[in-house]
Amino acid sequence: MPTIMITGAAGFIGGHVAREAERRGGLSLRLMSHRRPPAGAALPGQRTVRADLSDPGSLRGVCEGADVLLHCASRIGGTPEANEAVNARGTAALMAEARRAGVSRVVYLSTASVYGRGAFRAARPEDLVRNPGSPTSGSRAHAEDAVLAAGGVVLRPHLVLGDGDRWVVPGLARILRALPGTVEGWTARTSVITAHDLARLLLGAGLAPAGDLTASVYHAAHPVPVTVRTLLGAVAAVAGPAADPAAEDLTAVRARELLAARGIPARGLDMLTSDHWFDSDPVWRDLRCTPGPDFEAAFKELADGYRRALLDI
């Protein structure tokens, strides 16, 4: 029975990974959390470890007896110092513990935001250069370096949807409610994945035979990109009043002005007005895993949960 260590087990993606591991069965789980306990009742063979990535001393011994480490914990937002402490130095300290404990496989949940701004069309990791544009994404790029230096595997999703999402759909809902129309570039395509599918990929990458993995860095998304118009239409349907597509087609400059006047960061427009489509075929192929439903079918399953979550947005 392999022992799987999951960091960030009380968080958005880490929680989905823990639940997917429970569904799969035949695994001994060790769930690491620094504040909140992981959701759900403890199962036989599961135990919770309290440790804090910003406190390297608390990590001593956390990987003892673990065969696989799925590193899903990250600091998003906050000060540059906090991002560096958790994502960069914390991950480096965790990798040192993993090496000391003899962990055989490390998989790190990163983000496509390490590429920074740009247009990406069927982009592959080996064809792109990281150019992070924020302290969070910069520190996560440093975390990637530590994982790769330890012989680990990195997965980079773009937009992740699902129960517990506090960033993607809530952020899109705020933008929609602030604009009196659509924006040029709504025809751009973007990569999305559900948290459930991402959990399947993370667990699969952790358990796959070494010979099946053809890369150390993978994009993690549904293979079929979604147009921004389709994505925003789905969000509008669950978010209540939003932009009337027939009202006005705003320029990106005008849209930024309107968002700034409402105190809403305009950087999200960059992802909505240019292609952010990443080639993820290799990860599905290498893991012999079938992608879940397409965007529209998957979002239909998530709609009621998002309606409840967006009541206060």
Side-chain angles (χ1 to χ4, degrees), residues 12-13 16 76-77 111-113 115-120 133-134 136-137 156-198 220-222 224-278 293-313:
F12 174 32
I13 305 302
H16 280 272
I76 300 176
T111 170
S113 68
Y115 298 124
R117 297 182 178 183
F120 307 100
S134 72
T136 295
S137 54
R156 293 175 182 155
H158 180 42
L159 303 182
V160 185
L161 310 174
D163 180 32
D165 168 27
R166 297 186 296 112
W167 299 96
V168 177
V169 170
L172 295 176
R174 291 187 184 96
I175 290 174
L176 282 172
R177 290 173 176 174
L179 298 178
T182 57
V183 181
E184 60 182 357
W186 265 189
T187 55
R189 291 178 293 177
T190 193
S191 286
V192 301
I193 189 170
T194 65
H196 175 245
D197 267 359
L198 181 54
H222 193 282
V224 180
V226 179
T227 67
V228 168
R229 190 175 298 275
T230 298
L231 172 62
L232 294 180
V235 174
V238 299
D244 178 358
E248 184 179 356
D249 193 30
L250 305 164
T251 65
V253 171
R254 178 58 178 155
R256 286 188 177 87
E257 292 172 349
L258 292 168
L259 292 177
R262 298 282 295 272
I264 299 174
R267 58 181 176 270
L269 280 177
D270 295 323
M271 291 193 298
L272 301 177
T273 56
S274 62
D275 285 325
H276 281 69
W277 170 28
F278 301 94
D294 64 14
F295 168 76
E296 291 181 277
F299 200 87
K300 186 179 297 184
E301 294 294 318
L302 300 172
D304 285 344
Y306 272 126
R307 284 191 185 93
R308 292 190 295 270
L310 293 174
L311 288 176
D312 297 324
I313 297 297

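Computed from a prediction, not measured in an experiment: that's the story for all the values here.
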For Leu310 and Ala173 the tightest heavy-atom approach is CD2-CB, 4.2 Å
Any heavy-atom pair between the side chains of Val224 and Asp294 that's under 4.5 Å?
no
Name the orientation class of the two ring planes belonging to Phe12 and His16 (parallel below 30°, tilted from 30 to 60°, perpendicular beyond 60°).
perpendicular
Mark yes or no for whether Tyr306, through its side chain, and Gly162, through its backbone, hold a donor-acceptor pair below 3.5 Å.
yes
Partners of His276 by ring-ring contact (aromatic ring centres under 6.0 Å, His included), sequence neighbours excluded?
Phe120, His158
How long is the straight-line distance from OG1 of Thr190 back to CG of Leu159, given to the nearest 0.5 Å?
4.5 Å
Over 12 foreign heavy atoms within 6.0 Å of CD, Glu296:
no
Give the minimum heavy-atom separation between Ile264 and Arg174, together with the two atoms involved.
CD1-O, 3.7 Å
Out of curiosity, Arg262 CZ to Leu258 CG, how far, rounded to the nearest 0.5 Å?
9.0 Å
Looking at every heavy atom in both Phe299 and Leu161, which two are closest together, and how far apart are they?
CD1-CD1, 4.1 Å
For the atom pair CG (Leu259) and CG (Leu179), what is the distance rounded to the nearest 0.5 Å?
4.5 Å
For Ile193 versus His222, what's the shortest heavy-atom pair and its separation?
CB-N, 4.0 Å
Reported CG-to-CD1 distance for the pair Leu269 and Ile175, which is rounded to 0.5 angstrom:
5.5 Å
Leu272 versus Leu172: any side-chain heavy-atom pair under 4.5 Å?
yes
Determine the minimum heavy-atom distance between Trp167 and Ile76, stating which atoms define it.
CZ2-CG2, 3.7 Å
Exercise: identify the closest heavy-atom pair between Pro157 and Leu198:
CG-CD2, 4.0 Å
Heavy atoms, side chains only, cut-off 4.5 Å: are Thr227 and Arg189 in contact?
yes
Answer yes or no: is there a donor N or O on one side and an acceptor on the other, between the side chain of Ser191 and the main chain of Phe278, under 3.5 Å?
yes
Just wondering, are more than 12 heavy atoms of other shown residues or ligands nearer than 6.0 Å to CZ in Arg307?
yes
